[in-house]
Amino acid sequence: DAGSKSGRGALVILEGLDWSGKSSQCARLLSYLEGQGCRAEGWRFPDRGTSVGQMISAYLANESQLDDRTIHLLFSANRWEKRALMESKLLGGTTLIVDRYSYSGVAFSAAKGLDIQWCKAPDVGLIAPDLVIYLDVQPEKAAERGGYGGERYEKIEFQKRVADHYHSLRDSTWKVVDGSLPMETVEEQLRELATNCIQKCQEKPLTNLTW
Ligand code: 2DT
Ligand code: MG
């Protein structure tokens with residue numbers, strides 16, 4: 001009965017390359033948790049619904065050009081504009097299942113050659129995740145999935161560099177799940193990881209991201 005007591009909600013992030021299966025798994029995990037009576041919401045970054053998010057969306061669709069540092073800061077601003085709502089949801093007992101967060105921010109910008117410390121700095125002070133699940137899929141496998149190649153970063157060579165940067169960001173909150181396993185197997189592993197995390201962090205205070 002994850003989340004049925006009156007503690008805070010958990011901040012659970014899913015990370016991975018484009019077409020690693022994050023969005024499908026987020027949706028499946030969310031409906032499972034809701035079915036268990038757990039209060040949970042699905043979020044994603046970039047949140048394309050805000051005015052900052054619309055600038056990001058146009059950039060990703062190659063409808064606009066932006067300097068690499070400018071777009072990096074817009075991605076970060078897009079998380080900052082959601083920080084207060086995120087905090088109140090979590091403190092109010094709602095678990096957030098979030099498709100991408102600051103790790104995407106750093107891994108994708110660093111893959112363009114930007115300095116990693118520079119990339120990390122604007123996200124210091126955002127809410128620290130309780131759990132980061134990395135869906136590990138080979139860039140070549142992800143590229144075979146339908147729809148691949150539609151947006152700016154969906155090129156195998158670039159995704160390989162992103163994967164290397166993700167690798168260097170792994171810390172104690174990360175769990176790596178083999179995203180090439182059957183969907184149901186991946187789903188089962190995510191259920192277990194998320195349920196454990198939700199139970200464990202009910203009494204823990206929220207902390208800020210420090211890297
Ligand atoms: P989606 O396909 O998941 O909508 O992502 N990205 C994402 C960044 O470069 N920096 C960030 O901070 C975030 C959150 C990853 C769209 C693309 O945007 C990239 C893929
Ligand atoms: Mg995408």
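Every number for a ligand or one of its atoms is a count from 1 in the order of the listing.
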**Q** Check each atom of ligand 1 against the heavy atoms of Tyr153 and keep those under 4.0 Å away; list them by number with element.
**A** 9 (O), 19 (C)
**Q** Name the option, out of Glu154, Glu15, Arg79, that contains the heavy atom nearest to atom 12 (O) of ligand 1.
**A** Arg79
**Q** Looking at Pro46, which atoms of ligand 1 are within less than 4.0 Å of one of its heavy atoms?
**A** 4 (O), 5 (O), 7 (C), 14 (C)
**Q** Considering only the protein, which heavy-atom contact is closest to atom 7 (C) of ligand 1, and what is its distance?
**A** Phe75 CE2, 3.5 Å
**Q** Using non-hydrogen atoms of the residue, decide whether Lys22 is closer than 4.0 angstrom to ligand 1.
**A** no
**Q** Indicate whether any N or O donor in one side chain lies under 3.5 Å from an N or O acceptor in the other, for Lys155 and Tyr148.
**A** no
**Q** Please say whether Asp99 places an N or O atom under 3.5 Å from an N or O atom belonging to ligand 1.
**A** no
**Q** Taking NZ, NE, NH1 and NH2 as the nitrogens, is one of them in Asp123 or Arg83 under 4.0 Å from a carboxylate oxygen of the other?
**A** no
**Q** Is it true that atom CD of Glu192 has more than 12 heavy atoms of other residues, nucleotides or ligands lying nearer than 6.0 Å?
**A** no
**Q** Can you tell me how the ring of Trp211 sits relative to the ring of Tyr103, calling it parallel under 30°, perpendicular over 60° and tilted otherwise?
**A** perpendicular
**Q** Classify the side-chain pair Ser104/Tyr166 by whether it contains a donor and acceptor separated by less than 3.5 Å.
**A** yes
**Q** Please confirm whether Arg48 approaches ligand 1 to less than 4.0 Å, judged on its heavy atoms.
**A** yes
**Q** If hydrogens are left out, which of Phe45, Phe108, Tyr59, Tyr103 has an atom nearest to atom 15 (C) of ligand 1, that is, the closest non-hydrogen atom?
**A** Phe108
**Q** Taking the six-membered ring for Trp, are Phe108 and Phe158 parallel (under 30°), tilted (30 to 60°) or perpendicular (over 60°)?
**A** tilted
**Q** Can you list the ligand 1 atoms lying under 4.0 Å from a non-hydrogen atom of Gly105?
**A** 10 (N), 11 (C), 12 (O)
**Q** Less than 3.5 Å between some nitrogen or oxygen of Tyr101 and one of ligand 1, yes or no?
**A** no
**Q** Against ligand 1, does Arg44 come closer than 4.0 Å with any heavy atom?
**A** yes
**Q** Would you mind listing which atoms of ligand 1 come within a distance below 4.0 Å of any non-hydrogen atom of Leu60?
**A** 16 (C), 17 (C), 18 (O)
**Q** May I ask you to decide whether Glu157 forms a salt bridge with Arg161, counting only side-chain N to carboxylate O separations under 4.0 Å?
**A** no
**Q** Quick one: nearest non-hydrogen protein atom to atom 1 (P) of ligand 1, plus distance?
**A** Arg100 NE, 3.7 Å
**Q** Taking non-hydrogen atoms only, is Asp18 closer than 4.0 angstrom to ligand 1 via side chain, backbone, both or neither?
**A** side chain
**Q** Hey, does Arg100 have a side-chain heavy atom less than 4.5 Å from the side chain of Leu14?
**A** no
**Q** If you round to the nearest 0.5 Å, how far is CD1 of Ile97 from SG of Cys26?
**A** 7.0 Å
